[in-house]
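Structure record follows, encoded as structure tokens.
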Amino acid sequence: MHAIQTGPLSVNTWIVPLNEKNVFIVDPAGQPATGDERDVIDYLENNNLNPVAVILTHGHFDHVLGLSVIKEKYPEIKIAIHKEDAGYIGKKSIILQTKSMVQLRANCFLPYIENLPEPDFLLEDSCTLDKIFKSNTFESDITKAFADWLVIHTPGHTKGSVCLYNQKRNLLISGDTVFYRGFGRTDLYGGSMDELLNSLDKLKKLVPPNALVYPGHDYSNFELSKSIRY
């Protein structure tokens, strides 16, 4: 796992290994307005890595701003997001994005959020990533590696927020659902404190307290129990 902080709100863009050569990207945010549009690409090229997919933990603008840059560089890359947040990307992305960006006074980034790439696949709760992608999408060893990653739907920050859990490695990519000694805000469009608290209870049941957490912002590599009391 390697983090590159990108975009205006310093998103932790995760580069996640699948095998020696292939990786998937979580939440790319680097783009021209913040001058970091090549940060992820440069890291991949310098390390001879091939990105096969982008997984979005949710659709907020700060987590998807880099989609167009990545898609232009890697046209064959596959993009996956939960169906409840699918409207945040694609040709009509600006409609849904505006609802939260106005609240954040982030209107200056609206030109970079128009006509984002469409999702290729929709994430589903309790499915591993190999089940999300069609069986013939990737080579067998890549598909096998995707089988280690479980999608956990965790609404609250947004309707379609997800976490990704790898049981073999006992680590959780939490997006903006869980932070170190905290959790995501619920005051933006689509947010719900009740749903988020239910999602935290869900994580308590599904993920061991000593699982290492890799969130969408700030401090990483802490145990889940440091954020969700058991």
Side-chain angles (χ1 to χ4, degrees), residues 1-7 10-32 34-59 62-82 86 89-90 116-124 126-152 162-175 207 211-217 220-221:
M1 295 274 291
H2 179 76
I4 305 171
Q5 290 194 328
T6 62
S10 297
V11 166
N12 288 330
T13 294
W14 293 104
I15 310 299
V16 185
L18 292 165
N19 54 28
E20 187 174 333
K21 177 184 177 182
N22 297 291
V23 300
F24 68 91
I25 303 169
V26 178
D27 296 348
Q31 40 77 55
T34 47
D36 55 0
E37 67 270 25
R38 283 206 50 99
D39 285 9
V40 170
I41 294 170
D42 287 345
Y43 175 81
L44 296 172
E45 291 183 339
N46 291 339
N47 290 276
N48 297 312
L49 297 173
N50 176 50
V52 299
V54 173
I55 311 295
L56 300 173
T57 62
H58 63 291
D62 55 319
H63 288 251
V64 305
L65 275 168
L67 269 183
S68 295
V69 173
I70 296 297
K71 187 68 173 180
E72 181 178 359
K73 176 64 178 179
Y74 304 101
E76 300 302 315
I77 202 166
K78 305 304 180 186
I79 299 170
I81 188 171
H82 192 273
I89 63 175
L116 289 175
E118 297 283 348
D120 297 291
F121 298 94
L122 298 178
L123 302 171
E124 297 180 30
S126 303
C127 282
T128 49
L129 289 178
D130 63 312
K131 303 299 183 185
I132 300 296
F133 299 116
K134 295 179 181 178
S135 59
N136 61 350
T137 302
F138 302 115
E139 297 176 359
S140 59
D141 61 328
I142 296 176
T143 300
K144 184 177 180 180
F146 271 132
D148 293 336
W149 289 96
L150 177 70
V151 177
I152 305 174
V162 301
C163 297
L164 302 173
Y165 178 57
N166 188 310
Q167 184 176 16
K168 286 185 178 179
R169 298 170 61 186
N170 197 28
L171 62 85
L172 182 77
I173 299 174
S174 65
V207 181
L212 295 180
V213 180
Y214 297 80
H217 299 272
S220 300
N221 199 29

Can you tell me how far the [atom1] atom of [X] sits from the [atom2] atom of [Y], to the nearest 0.5 Å?
X	Y	atom1	atom2	result
I132	H82	CD1	NE2	8.5 Å
L172	Y165	CG	OH	8.0 Å
I89	L67	CD1	CG	5.5 Å
T57	L164	OG1	CG	8.0 Å

Heavy-atom closest pair, residues [X] and [Y]:
X	Y	result
T6	D27	OG1-O, 4.5 Å
V11	A29	CB-CB, 4.0 Å
V54	P28	CG1-CD, 3.6 Å
S68	L116	OG-CD2, 3.6 Å
G30	V69	O-CG2, 4.1 Å

Tell me, please, which residues at least two apart from N221 pass side-chain hydrogen bond (donor to acceptor under 3.5 Å, both in side chains).
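Applying side-chain hydrogen bond (donor to acceptor under 3.5 Å, both in side chains) to N221 gives Y214.
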Which class fits the ring pair F121 and F133: parallel under 30°, tilted 30 to 60°, perpendicular over 60°?
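Answer is perpendicular, since the angle exceeds 60°.
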F24 and F146 aromatic ring geometry - parallel, tilted or perpendicular at 30°/60° bounds
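The rings of F146 and F24 sit tilted, inter-plane angle from 30° to 60°.
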Assess whether a salt bridge exists between E45 and K73, defined as any Lys/Arg side-chain N lying under 4.0 Å from an Asp/Glu carboxylate O.
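Salt bridge flag = yes for K73 with E45.
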Should we say atom NZ of K71 is surrounded by more than 12 heavy atoms from elsewhere, each under 6.0 Å from it?
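More than 12 heavy atoms, drawn from other residues, nucleotides or ligands, come within 6.0 Å of this atom.
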Counting only heavy atoms not in Q167, do more than 12 fall under 6.0 Å of its CD?
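12 or below, so no.
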Any sub-3.5 Å donor-acceptor pair from D130's side-chain atoms to K144's backbone N or O?
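Between the backbone of K144 and the side chain of D130 there is no qualifying donor-acceptor contact (under 3.5 Å).
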For Q5 and N12, test the side chains for any donor-to-acceptor distance below 3.5 angstrom and give the result as yes or no.
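Distance-only check passes for Q5 and N12.
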